[in-house]
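Right, one structure below, let's go through it.
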Protein chains: 2
Amino acid sequence: MKLELVKKHRIFDGSMEYYRHYSQVNQSAMSFAIFLPPQAETRKVPVLYWLSGLTCTEDNFMTKAGAQRVAAELGIAIVAMDTSPRDNGIEGEDDSYDFGSGASFYLNATIEPWSKNYNMYDYIVTELPGIIELNFNVSNKKSISGHSMGGHGALIIALRNPRSYQSVSVFSPIVAPTQNGWGCKAFSGYLGEDQSVWRQYDSCELVKIATERLPLLVDQGTADEYLDDYLQPGKLIEVCEQYNHPLNLRMQPGYDHSYFFISTFIEEHLRYHAGYL
Amino acid sequence: MKLELVKKHRIFDGSMEYYRHYSQVNQSAMSFAIFLPPQAETRKVPVLYWLSGLTCTEDNFMTKAGAQRVAAELGIAIVAMDTSPRDNGIEGEDDSYDFGSGASFYLNATIEPWSKNYNMYDYIVTELPGIIELNFNVSNKKSISGHSMGGHGALIIALRNPRSYQSVSVFSPIVAPTQNGWGCKAFSGYLGEDQSVWRQYDSCELVKIATERLPLLVDQGTADEYLDDYLQPGKLIEVCEQYNHPLNLRMQPGYDHSYFFISTFIEEHLRYHAGYL
């Protein structure tokens with residue numbers, strides 16, 4: 001496993017590093033960015049994994065969220081990975097903003113031509129943490145967070161692997177992808193028409209069968225342009241109430257779907273995770 | 001003077017707004033972004049003008065510097081303008097990253113074909129503050145800051161108008177444009193070959209004739225890839241010592257020319273300006 005350093009910048013006395021490597025599970029080159037706080041020079045630090053939304057790369061969160069200041073104070077590394085494999089010559093991979101490149105939906109694809117390269121679920125749950133823990137001065141304590149499609153990803157991964165993550169928090173997540181346009185397009189394209197497979201990647205369905213009660217912290221802007229059609233936080237509230245799953249869902253007045261929203265509340269999320277890490 | 005609202009986002013309980021308007025002095029459409037802190041809902045707040053570097057627009061600082069958190073706390077509005085007029089059909093305006101579009105160097109061009117549209121000096125000193133003070137709940141107290149080419153711009157504007165600005169601070173400025181490749185290319189293109197005109201836009205020359213002692217705060221990364229060839233902070237140190245001009249130039253170990261550097265120290269700059277505003 002060879003990591004290629006793409007670039008490196010000093011920030012808040014820590015180190016912002018961008019890498020490319022070959023992913024076994026995706027059979028593809030993958031890119032990720034890691035922020036190492038100054039504490040990582042002298043001890044193993046815990047890691048927050050960040051999953052971005054549609055069209056993003058590993059760069060958006062690192063340049064726009066303003067997270068490094070607080071992570072440097074708290075001694076938390078942050079890893080943000082690209083939102084899909086890219087440039088694998090799959091027909092149509094670059095045709096849509098909401099399918100293919102930049103739109104993996106963090107699942108393991110089961111049907112051709114996506115199943116070879118689109119295995120982001122395994123990449124994030126297994127392969128990437130292995131690489132991070134082998135190559136950087138980090139512990140195996142980890143938490144997970146994300147935005148929009150990445151909020152969906154963080155929730156499904158945490159709900160399915162509650163003992164692997166100390167905590168989970170998300171912004172503006174797609175909580176019920178089996179019930180809206182984005183999710184149905186992605187799931188039918190990557191998974192085919194078997195709805196039982198779809199349910200493995202739907203937070204509202206996973207809450208129903210959760211065996212552990214990992215608390216969910218969710219921030220959602222009330223002025224979010226995707227609120228009613230794609231994000232549908234009411235569905236998560238409903239199922240968490242019904243199944244007695246701990247949820248702190250905060251509707252933030254006037255905030256939209258942008259990184260301006262994330263930057264406003266990321267400090268609270270980081271301090272929340274630090275309490276568990 | 002009609003302002004066209006392009007977009008608006010809530011951030012840190014304040015408002016991030018993007019506008020376009022027709023500039024009289026540039027005879028061109030211009031774009032700017034303004035962050036209004038929550039205090040602006042109830043009282044007039046002072047303004048920090050931010051001038052960005054080569055290739056930037058009004059957006060880079062607002063999305064990457066993480067300044068709004070502290071500005072919201074301190075009650076300071078921030079205005080960032082585009083780095084040049086654009087799309088005026090001037091032959092060659094989009095040919096270089098360091099001349100024409102995105103590279104105004106914040107001067108008043110004197111030669112054809114640039115003199116009609118490239119009057120960013122007057123735009124920033126006079127026209128834009130007038131527009132801001134007329135249309136937003138801000139006072140006439142203002143400070144100025146910038147990065148790289150924008151650090152150059154902030155310094156020359158503050159040195160030539162010391163009573164118009166409460167304070168000035170810059171990151172990685174081009175302090176002696178008459179003595180390096182970027183500056184000589186821009187000045188000969190916009191100003192012709194009369195070196196006495198060039199000197200009006202060179203910080204090191206302006207320190208020599210400054211009638212007021214406005215203190216200069218400068219942060220410069222030691223790992224900046226443009227340090228020796230284009231930024232040359234030693235020249236500013238030398239002239240400030242010789243002419244007894246107050247300068248606090250801090251070499252920041254390991255930091256480069258990126259917004260990761262700016263984001264690390266912008267809080268200190270904002271608190272510095274707040275002490276004067």
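Chain naming here is simple, since letters A, B, ... match the order of the sequence lines and numbering starts at 1 in each. No hydrogens, no waters, no symmetry mates; every other heavy atom, side chains included, goes into these values.
A 6.0 Å sphere centred on CD of A/Glu4 holds more than 12 heavy atoms belonging to other residues, nucleotides or ligands.
Although no hydrogens or angles enter the test, the distance criterion places no donor-acceptor pair under 3.5 Å between the side chain of A/Arg69 and the main chain of B/Ser263.
Checking A/Arg10, A/Lys7, A/His9 one by one against B/Asp256, the side chain to side chain donor-acceptor pair (under 3.5 Å) holds for a single residue, A/His9.
Contact annotation for B/Lys8: only backbone heavy atoms (N, CA, C, O) come within less than 4.5 Å of a heavy atom of chain A. With a 4.5 Å cut-off on non-hydrogen atoms, B/Gln68 touches chain A through its side chain but not through its backbone. With a 4.5 angstrom heavy-atom cutoff, B/Phe12 touches chain A via backbone and side-chain atoms both.
Atom OG1 of A/Thr264 sits about 11.5 Å away from atom CE of B/Met16, to the nearest 0.5 Å.
When every heavy atom of B/Tyr255 is checked against every heavy atom of A/Asp13, the shortest pair comes out as OH-N, 2.7 Å.
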